[in-house]
Amino acid sequence: MDRRLLLQLGLGATLLPTQMWAATPDAPRLLVVFLRGAYDAANLLVPTSSSFYYESRPNIAIAKSAALPLDANWGLAPALADSIHPLWGKGQAAFVPFAGTNDTTRSHFETQDHIELGQADEGSRDFRSGFMNRLAGVLGAGSRLEAMAFTDQVPLILRGNLPVANQALRDLGKPAINAAQAQVIAGMYANTRMANTVSGGFEVRDEVSKEMAGEMEAASRGAIAAKGFALEARRIARLMRERVTLGFIDVGGWDTHVGEGGATGQLATKLGELGKGLALFADEMGPQWNNTVVVVVSEFGRTFRENGNRGTDHGHGSAYWVLGGGVKGGRIAGEQVEVKAATLFQNRDYPVLNEYRALFGGLFRRMYGLNDAQLAQVFPGASARDIGLV
C-alpha cells in the first residue's frame with residue numbers, strides 16, 4: 001500500500017516524516033506563508049508618491065497621512081503599526097513589490113498550482129513534485145532537517161519523493177486518523193522498509209496533538225486567544241524552534257471583490273490579524289528568530305484600479321514580505337518601476353518584475369549555500385537572482 005491508496009481510503013490527511021530529529025540550534029528555518037485568494041498588495045505596500053494611485057482608488061486608497069512611511073515612495077498599511085512596522089524599524093522586514101509568477105490566467109487555482117510546483121513555465125506539470133519538497137531533497141533527507149505543513153492535507157508545495165508530515169493545528173481535537181486506524185495502517189507496513197517511517201510518523205503526530213490539546217485547555221482561561229492566525233503562529237513557532245526547519249501554512253480569505261476598505265475595513269482587519277500572528281511568531285521563536293526567514297506570498301495581486309463595488313479584481317503582480325532576525329530589511333527590495341498608468345501590465349495590474357522562482361532561488365543560495373546545479377533541481381529552467389535579502 002502506498003500513500004496514494006491511503007489518500008483514497010480517506011486516511012491520508014497526515015502523511016508521515018522520514019525521521020524526526022531535533023533541529024540543531026543554528027540550522028536555518030524557513031516558513032512560507034501563502035495568502036490564498038490574492039491579497040491586494042497596493043493597499044498593503046502603499047505607493048504614496050504616486051498620484052495615479054489616488055486617482056485610481058477614490059474610495060479605497062490609504063491616505064498618505066495614514067500610511068506608515070517606509071521610504072520616499074512607499075508606505076505601509078496602518079493596520080500593521082504594532083506588528084510588522086516595528087520589525088521594519090529593526091531591519092527585520094523587507095518588501096518586494098512587483099513580485100509573482102509569469103502565469104497570466106488570473107485563475108486562483110491555476111496560479112496557486114503554478115507557484116507551489118515551481119516548475120518550468122512551459123511544458124507539462126508534475127503534480128507530485130512541489131518545490132519545497134525538492135528543496136528538502138537537495139538539502140538532504142538524512143540531515144537534521146524536518147519539513148512540515150501546518151495544513152489539513154499536505155499541499156502541492158510539499159508533495160514529492162520525501163514523505164512530509166502535516167498537522168492542521170486548528171483541528172487538533174479532531175485527528176484525521178484515530179488510534180485504531182493508525183494501528184491498522186502500521187500493521188499493513190509491518191516488515192516492510194516503511195515500517196519505521198510509519199510508526200515514527202504516528203508517534204510524532206500523537207505527541208504534537210497531546211502538547212497542543214493541553215494548550216487549548218489553557219486557552220479557555222484566556223491565556224491565548226482560542227481562534228485566529230495569532231494562536232496558530234505561536235504553535236508553529238514552538239515546533240519550528242525545536243524540530244521543524246521547513247514549514248508551510250496557508251491563510252485564506254483575501255479575495256476582496258467587494259467592500260475592500262482602505263485604512264480600515266475588510267482588508268485592513270485581515271492584515272492586522274496576519275501581522276499580529278507574524279509578530280507573535282517572531283517573539284515566540286526567541287533566539288531562533290535570528291536563524292529564521294519567513295516569506296509571505298500570494299498567487300497574484302489585484303487590479304490597480306478599484307472596481308464599481310469598491311473592491312478589486314484578479315490581477316497580476318503582487319508584493320512579497322520577507323521577515324527574519326537575519327534579514328537585511330528596512331528596505332524595499334528587487335526591481336521596481338514608477339507607479340503610473342504607463343507601467344501597468346495590460347493597463348490594469350502591477351507588472352511582475354521579480355519572478356518568484358528567481359527570487360526564492362537567490363534566497364536559497366544565501367540561506368543554504370546551494371550551487372547552480374542544486375538550484376536547478378529545486379527550480380528547473382529558472383535562474384536564481386540574488387537581491388540580498390539575507
Side-chain angles (χ1 to χ4, degrees), residues 31-46 57 59-60 62 76-84 95 99-101 103 105-116 149-153 155-157 166-172 174 224-236 247-281 294-304 306-307 309-321 323 349-350 356:
L31 176 65
V32 174
V33 181
F34 202 124
L35 307 184
R36 295 194 190 277
Y39 89 103
D40 182 13
N43 268 17
L44 172 279
L45 186 62
V46 183
R57 298 182 169 215
N59 299 293
I60 67 171
I62 296 176
L76 187 64
L80 299 173
D82 297 327
S83 56
I84 304 303
F95 295 95
T101 170
D103 188 299
T105 63
R106 297 188 179 87
S107 160
H108 292 300
F109 307 109
E110 285 283 333
T111 316
Q112 287 176 20
D113 290 353
H114 189 115
I115 290 177
E116 291 186 66
F150 303 101
T151 54
D152 293 331
Q153 300 180 28
L156 282 181
I157 200 169
N166 75 292
Q167 177 67 71
L169 301 182
R170 66 173 66 87
D171 295 324
L172 285 163
K174 300 178 181 180
I224 303 175
K227 297 180 181 179
F229 177 74
L231 176 56
E232 292 201 32
R234 281 208 182 273
R235 292 170 172 171
I236 293 167
F248 175 89
I249 188 168
D250 47 13
V251 181
W254 302 93
D255 200 14
T256 51
H257 288 282
V258 178
E260 178 179 311
T264 61
Q266 178 189 172
L267 177 63
T269 298
K270 292 182 184 298
L271 289 173
E273 293 168 349
L274 176 66
K276 179 181 177 182
L278 291 170
L280 289 171
F281 174 86
V294 178
V295 184
V296 181
V297 305
S298 196
E299 62 261 40
F300 44 72
R302 314 292 297 183
T303 49
F304 193 75
E306 68 178 65
N307 62 27
N309 295 313
R310 300 192 176 190
T312 50
D313 299 317
H314 297 183
H316 189 47
S318 184
Y320 290 0
W321 318 12
L323 316 173
D349 312 318
Y350 272 155
Y356 80 104

Would you find a donor on one side and an acceptor on the other, under 3.5 Å apart, between the side chain of Asn166 and the backbone of Asp152?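 Between the backbone of Asp152 and the side chain of Asn166 there is a qualifying donor-acceptor contact (under 3.5 Å).
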
Looking at every non-hydrogen atom in both residues, tell me the closest pair between [X] and [Y] and how far apart they are.
X	Y	result
Ser83	Gly275	CB-O, 3.2 Å
Pro155	Ala149	CD-CB, 3.4 Å
Glu110	Thr105	CB-OG1, 3.5 Å
Ala263	Ile62	N-CG1, 3.6 Å

Applying side-chain hydrogen bond (donor to acceptor under 3.5 Å, both in side chains), can you list everything that pairs with [X], at least two apart in sequence or on another chain?
X	result
Glu260	Asn43, Thr256, Thr312
Asp313	His257, Asn307
Tyr320	none

Just how far is it from atom [atom1] of [X] to atom [atom2] of [Y], taken to the nearest 0.5 Å?
X	Y	atom1	atom2	value
Leu31	Phe248	CG	CZ	9.0 Å
Ser318	Asp349	OG	CG	11.0 Å
Ile249	Leu35	CD1	CG	10.5 Å
Leu274	Trp254	CG	CH2	5.0 Å
Leu280	Glu232	CG	CD	12.5 Å

Do Asn59 and Glu306 pair up side chain to side chain, a donor and an acceptor below 3.5 Å, judged on atom types alone?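 Looking only at side-chain atoms, Glu306 and Asn59 do form a donor-acceptor pair, the distance falling under 3.5 Å.
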
Just wondering, more than 12 heavy atoms not from Asp82 lying within 6.0 Å of its CG?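 Counting neighbours around CG of Asp82, 12 or fewer heavy atoms of other residues, nucleotides or ligands fall under 6.0 Å, so no.
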
Test side-chain contact (heavy atoms from CB on, under 4.5 Å) on Val32 and Val294; report intermediate values, then the result. CA-CA 6 Å; Val32 174; Val294 178; over 6 Å; no

[X] vs [Y] side-chain heavy atoms within contact, under 4.5 Å:
X	Y	result
Phe109	Glu299	no
Val33	Leu278	yes
Tyr356	Ile115	yes
Ile84	Leu271	no
Phe300	Thr101	no
Val297	Trp321	no
Ser298	Tyr39	yes

With sequence neighbours excluded, residues passing salt bridge (Lys or Arg N to Asp or Glu O under 4.0 Å) with Asp255: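 Listed in chain order: Arg302.
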
Can you pull out every salt bridge (Lys or Arg N to Asp or Glu O under 4.0 Å) where at least one residue sits in residues 34-43? Sequence neighbours excluded, please. Arg36-Glu116, Arg36-Asp250, Asp40-Arg57

Would you call the rings of His314 and His108 parallel, tilted or perpendicular, where under 30° means parallel and over 60° means perpendicular?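 Correct class here is perpendicular.
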
I want to know whether Tyr350 and His316 have ring centres closer than 6.0 Å.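 Here the rings of His316 and Tyr350 have centres that are no less than 6.0 Å from each other.
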
Strictly by side chain to side chain donor-acceptor pair (under 3.5 Å), give each pair with a member in residues 261-272 just once, sequence neighbours left out.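 As it turns out, there is no side chain to side chain donor-acceptor pair (under 3.5 Å) pair with a partner in residues 261-272 once direct neighbours are skipped.
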
Carefully, step by step, assess Ile236 and Phe281 under the rule side-chain contact (heavy atoms from CB on, under 4.5 Å). CA-CA 7 Å; Ile236 293 167; Phe281 174 86; 3.8 Å; yes

What's the verdict on side-chain contact (heavy atoms from CB on, under 4.5 Å) for Leu76 and Val46, showing C-alpha distance, side-chain angles and the deciding distance? CA-CA 6 Å; Leu76 187 64; Val46 183; over 6 Å; no

